[in-house]
Amino acid sequence: MSSVRRAAFVLVAVSALALTACGPSEDGAAGGPAAPATTPPASASPSTPGKPSAPAKPSAPAKPSKSGKPSTPAKPSEPGSPSTDPDYDVFPCSTFDVKFTASLAEPTTSSYLLKVTNKTGKPCRVLGHPIVTFGDLDGQATQRGTAPGIEDAIRLEPGASAYAGLMGGPKDAKSKTVSSIAMTMDTESDLEQVPLKASTPGFNVSGTNSVTAWMDNAEDALSL
């Protein structure tokens with residue numbers, strides 16, 4: 001009887017082992033970690049080729065000005081560019097630049113024609129009136145007439161001359177005569193000049209002596 005029970009127990013145990021081997025795993029039946037499901041990879045979609053960048057738009061042309069012409073941008077000034085004024089580097093004439101002479105023009109009035117000639121190799125400007133003194137006497141000739149401004153002053157080229165008229169005074173008890181005069185140029189500066197002398201025999205000096213501005217011809221110098 002005991003051998004029959006033992007055989008039945010063995011049979012039950014073998015059946016249990018057979019069921020375990022054929023059924024789902026214990027972990028899966030008991031809620032344990034299930035085997036990961038194998039999911040087929042999604043087919044990679046082909047990448048979309050990038051769109052070509054739009055070409056740059058050309059810059060808009062300059063808007064026309066009120067006159068109908070397109071405005072032109074101003075060019076920057078170039079440093080050190082020379083002036084367009086042809087006389088920008090022509091300086092006033094001084095007694096260092098000229099030769100000076102005086103010649104009798106009118107004996108009855110004792111008037112003289114003054115003349116300066118550029119003795120240098122470059123031009124200079126003859127400004128205003130000559131400054132005329134009378135030897136050892138005090139005073140100087142007064143200015144007669146107006147002189148052009150510096151912009152319109154005579155441009156004295158090398159070897160060229162300018163003229164002025166020196167008027168003598170009437171002879172009276174107070175007048176005196178001198179045999180020479182001295183002249184300096186108007187330079188509109190404090191340049192110290194050496195006076196130029198010219199012979200003027202019998203020139204009558206009184207309180208009415210006057211001198212014209214420099215002219216580019218002798219006739220105009222004596223007609224004022």
Side-chain angles (χ1 to χ4, degrees), residues 85-224:
D85 180 4
D87 292 335
Y88 81 100
D89 60 346
V90 179
F91 298 99
C93 301
S94 73
T95 56
F96 301 105
D97 304 313
V98 298
K99 295 184 297 183
F100 173 57
T101 60
S103 56
L104 183 62
E106 178 55 56
T108 57
T109 59
S110 185
S111 296
Y112 275 79
L113 178 66
L114 310 184
K115 176 182 176 181
V116 289
T117 303
N118 186 349
K119 65 179 183 180
T120 71
K122 58 183 181 180
C124 61
R125 297 186 195 217
V126 179
L127 304 183
H129 296 71
I131 302 167
V132 180
T133 55
F134 310 112
D136 297 330
L137 302 180
D138 294 332
Q140 63 186 47
T142 59
Q143 297 179 355
R144 185 168 76 257
T146 58
I150 189 171
E151 297 83 3
D152 301 318
I154 299 171
R155 177 187 172 104
L156 205 62
E157 299 292 343
S161 299
Y163 307 87
L166 175 63
M167 304 298 114
K171 293 184 178 181
D172 54 32
K174 295 183 179 180
S175 65
K176 295 181 180 181
T177 58
V178 294
S179 59
S180 66
I181 59 173
M183 186 277 303
T184 53
M185 303 291 291
D186 179 6
T187 61
E188 293 190 352
S189 71
D190 57 357
L191 175 68
E192 186 174 350
Q193 303 177 65
V194 176
L196 299 179
K197 294 183 178 182
S199 177
T200 57
F203 182 75
N204 195 56
V205 179
S206 66
T208 60
N209 299 101
S210 61
V211 64
T212 67
W214 291 112
M215 305 288 177
D216 58 4
N217 64 87
E219 184 179 355
D220 288 344
L222 294 173
S223 63
L224 293 179

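Numbers here simply count residues along the sequence, with the first being 1.
- Identified under the disulfide (SG to SG under 2.5 Å) test for residues 137-218, with sequence neighbours left out: none.
- Counting only heavy atoms from C-beta outward, the side chains of Leu166 and Phe203 approach each other to under 4.5 Å.
- From Gln193, atom CD reaches atom SG of Cys93 across 10.0 Å, with rounding to the nearest 0.5 Å.
- Across all their heavy atoms, Thr184 and Thr95 have their closest contact at CA-CG2, 3.7 Å.
- Between Phe100 and Val116, the shortest heavy-atom contact is CD1-CG1, 4.1 Å.
- The minimum heavy-atom distance between Thr208 and Pro170, with the atom names listed, is OG1-CD, 3.3 Å.
- Minimum interatomic distance between Thr200 and Ala102 (heavy atoms only, all atoms of both residues): CG2-CB, 4.1 Å.
- Proximity of Met185 to Asp97: side-chain heavy atoms (C-beta onward) are nowhere separated by under 4.5 Å.
- For the residue pair Lys115 and Thr117, the shortest heavy atom distance occurs at CE-OG1, 3.6 Å.
- Residues Asn118 and Cys124 are in side-chain contact: their nearest non-hydrogen atoms beyond the backbone lie under 4.5 Å apart.
- Residues Met183 and Ile181 fail the side-chain proximity criterion, which asks for heavy atoms closer than 4.5 Å.
- Heavy-atom contacts from other residues, nucleotides or ligands closer than 6.0 Å to NZ of Lys197 number 12 or fewer.
- Note that the OG1 atom of Thr120 and the NZ atom of Lys99 stand 11.5 Å from one another [nearest 0.5 Å].
- Closest approach of Gly169 and Ser206 over heavy atoms only: CA-OG, 3.2 Å.
- One finds the OG atom of Ser161 at 11.0 Å from the CG atom of Asp216 (value rounded to the nearest 0.5 Å).
- Note that CD of Glu192 is 9.5 Å distant from CG of Asp190, once rounded to the nearest 0.5 Å.
- At least one side-chain heavy atom of Leu113 sits less than 4.5 Å from a side-chain heavy atom of Tyr163.
- For the residue pair Ser210 and Thr142, no side-chain donor N or O sits within less than 3.5 Å of a side-chain acceptor on the partner.
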Counting only pairs under 3.5 Å, give me each side-chain donor-acceptor contact of residues 126-141, with atom names and distances, residues two or more places apart or in other chains.
residue	atom	partner	partner atom	Å
His129	NE2	Arg144	O	3.3
His129	NE2	Gly145	O	3.1

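- Expressed to the nearest 0.5 Å, how far CG of Leu191 lies from OG of Ser94 amounts to 5.5 Å.
- If you take CG on Asn204 and OG1 on Thr109, they are separated by 10.5 Å, rounding to the nearest 0.5 Å.
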